[in-house]
Number of protein chains: 2
Amino acid sequence: MARKLSTLDPQRLDNQICFAVYSAAHAFNRVYKPLLDRLGLTYPQYLVMLVLWERDDVPVKDIGERLFLDSGTLTPLLKRLEAAHLVKRTRSSEDERQVLIALTPQGQSLKERARSVPQSILAASACSVSELVAMKDEIVALRDRLNAVIGE
Amino acid sequence: MARKLSTLDPQRLDNQICFAVYSAAHAFNRVYKPLLDRLGLTYPQYLVMLVLWERDDVPVKDIGERLFLDSGTLTPLLKRLEAAHLVKRTRSSEDERQVLIALTPQGQSLKERARSVPQSILAASACSVSELVAMKDEIVALRDRLNAVIGE
DNA sequence: TCACATTTAATTGTTCGCAATTGAATGTAG
DNA sequence: CTACATTCAATTGCGAACAATTAAATGTGA
């Protein structure tokens with residue numbers, strides 16, 4: 001019996017989409033790093049700021065649902081953003097279990113300084129916007145199918 | 001002047017391919033977790049094993065180039081695989097700077113037990129093989145363009 | 001009202017991931 | 001052969017990421 005051709009071997013690293021996604025995520029991170037360094041943000045912190053620039057004064061849980069992250073990741077991250085004077089953390093008075101995250105004026109104004117980031121990423125992608133949008137939609141659809149499986 | 005529609009706003013989270021990739025990587029990780037738990041591996045450890053199952057007795061640097069990881073990540077990870085009796089680390093006698101990573105018999109035989117993993121991932125992806133291969137190729141091409149930019 | 005479950009953040013401990021540095025081995029130019 | 005640079009792995013320090021647990025607040029059923 002002939003051995004499986006390596007280009008079809010499902011156990012081969014280069015045939016696995018998960019490694020493609022994993023390594024692409026790291027490549028994005030490395031492209032973002034010098035851009036975000038100037039803003040004093042890490043990439044996950046930048047994601048949190050993107051969420052807050054869309055809507056402010058939201059509980060930690062909402063940010064977590066948006067980014068698929070839990071309090072174990074977000075609590076220390078938000079404390080660092082607070083230490084950097086970009087957000088304020090306050091217990092909700094209606095529901096004392098919740099901690100509401102609000103932008104400070106510095107946090108608000110950082111949005112302007114971050115405006116050029118997406119274009120830089122687009123340039124580094126060396127790819128048309130329409131192609132990127134199509135890929136993004138496919139990847140999001142795949143992610144959502146995977147997340148559906150996790151919830152059984 | 002009209003404000004940009006949010007579906008076109010490049011600063012909007014859901015319009016960013018990097019977040020799609022980032023969140024898909026985490027979704028994959030969560031799907032892999034129960035499968036790899038049974039093998040006693042984390043996902044990055046599984047990637048290292050995939051590399052070693054293809055070719056054995058290679059220096060740390062080769063594994064790093066394959067997975068885009070450096071010694072700061074790999075050294076402790078490989079020590080954990082050694083502690084789990086899956087690999088052996090030995091200084092090369094030809095070049096004493098290199099540490100060669102070889103599979104133990106347990107490390108070799110784990111490949112059989114891991115054979116079903118890719119099918120489980122395929123099932124969770126809820127997607128045809130040809131679609132996945134096409135997506136993988138696109139993502140790899142994007143990753144390689146990003147990595148090309150990093151190297152200036 | 002009282003007991004119990006649920007929700008929400010925080011905490012603890014382990015593992016990645018990377019920048020920066022170190023130290024030893026090797027390569028190279030003069 | 002002697003300086004000097006380069007390569008390679010290890011180390012240190014910091015910031016994610018997540019499982020598991022904790023504690024407080026809230027919701028619910030009897």
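Quick note on labels: first sequence line is chain A, next is B, and so on, each numbered from 1. Quick caveat, the model's predicted, so the values are computed rather than measured.
If you measure from atom CG of B/Asp70 to atom P of C/dA19, you get 7 Å, rounded to the nearest angstrom. Distance A/Glu96 CD to D/dT26 P: 6 Å, rounded to the nearest Å. Protein atom CG of A/Leu41 is 19 Å distant from nucleotide atom P of D/dC14, rounded to whole Å. Remark: P of C/dT7 and CG of A/Asp62 are 15 Å apart, rounded to the nearest angstrom. Nucleotide C/dT8 holds its P atom 14 Å from the CD1 atom of A/Ile63, rounded to whole Å. Counting to the nearest Å, the P atom of C/dA10 and the CG atom of A/Leu100 are 11 Å from each other. Between A/Ile150 atom CD1 and D/dA17 atom C1' there is a gap of 14 Å when expressed in whole angstrom units. The distance between atom NE2 of A/His26 and atom C1' of C/dC18, rounded to the nearest whole Å, is 10 Å.
Between A/Thr42 and D/dA16, a side-chain N or O to OP1/OP2 separation shorter than 4.0 Å is present. Taking side-chain N and O atoms only, B/Arg91 has no distance below 4.0 Å to OP1 or OP2 of D/dC8. A close approach under 4.0 Å does occur between a side-chain nitrogen or oxygen of A/Arg80 and OP1 or OP2 of D/dA16. Between A/Gln45 and D/dA16 there is a side-chain N or O to OP1 or OP2 distance below 4.0 Å.
When distances are taken from the side chain of B/Asp95 to each of D/dT26, D/dA17, C/dA25, the shortest belongs to C/dA25. Among the nucleotides D/dC8, D/dA16, C/dG17, the one closest to any side-chain atom of B/Gln98 is D/dC8. Closest contact between the side chain of B/Lys79 and the listed nucleotides C/dG17, D/dA10, C/dT15 involves D/dA10. Counting only heavy atoms from C-beta on, B/Arg97 has its side chain closest to C/dA24 among D/dA24, C/dA24, D/dA9. In this structure, the nucleotide among D/dA25, C/dA9, D/dA17 sitting nearest to the side chain of A/Thr75 is C/dA9. Checked against C/dA9, D/dA16, C/dA25, the side chain of A/Thr73 finds its nearest nucleotide in D/dA16. Of the candidates D/dA17, D/dC8, D/dA10, D/dA10 carries the atom nearest the B/Arg89 side chain, counting heavy atoms from C-beta on. Among the nucleotides D/dA9, C/dG17, D/dC18, the one closest to any side-chain atom of B/Val99 is D/dA9. Side-chain atoms of A/Leu77 lie closest to D/dA16 of the nucleotides C/dC18, D/dC8, D/dA16.
Ion pairing between a basic and an acidic side chain is recognised when a charged N comes within 4.0 Å of a carboxylate O; B/Asp14 and A/Arg66 show such pairing. A/Glu82 and A/Arg89 are joined by a salt bridge, as a carboxylate oxygen and a charged side-chain nitrogen come within less than 4.0 angstrom of each other.
Toward the 5′ end of DNA chain D lies the nearest nucleotide of B/Lys61, the other residue of the pair B/Lys61 and B/Gly72 mapping further downstream.
In the model, A/Ser128 has a side-chain atom that pairs as donor or acceptor with a side-chain atom of A/Glu131 under 3.5 Å.
Annotation: side chain of A/Lys79 is in contact with side chain of A/Thr75 (closest heavy-atom distance under 4.5 Å). Contact annotation: the side chain of B/Ser125 approaches that of A/Leu142 to within less than 4.5 Å [non-hydrogen atoms, C-beta and beyond].
Residues from residues 28-39 of chain B lying near DNA chain C, meaning a heavy-atom separation below 4.0 Å, are absent.
B/Pro59 comes within 4.0 angstrom of the backbone, heavy atoms only, and of no base. Residue-level contact check: B/Leu69 touches the backbone only, with heavy atoms under 4.0 Å from sugar-phosphate atoms and none from bases.
Considering A/Phe68, A/Tyr43, A/Phe28 in turn, A/Tyr43 is the only one that fulfils the ring-ring contact (aromatic ring centres under 6.0 Å, His included) rule with B/Tyr22.
Ring-centre distance between A/Tyr32 and A/Tyr46: below the 6.0 Å cut-off.
With hydrogens and angles ignored, the 3.5 Å screen pairs no side-chain donor or acceptor of B/Arg143 with any backbone N or O of A/Ser23.
Note: the hydrophobic cluster containing A/Val21 also contains B/Ile150 (ILVMFWY, side chain heavy atoms under 4.5 Å, direct or indirect links).
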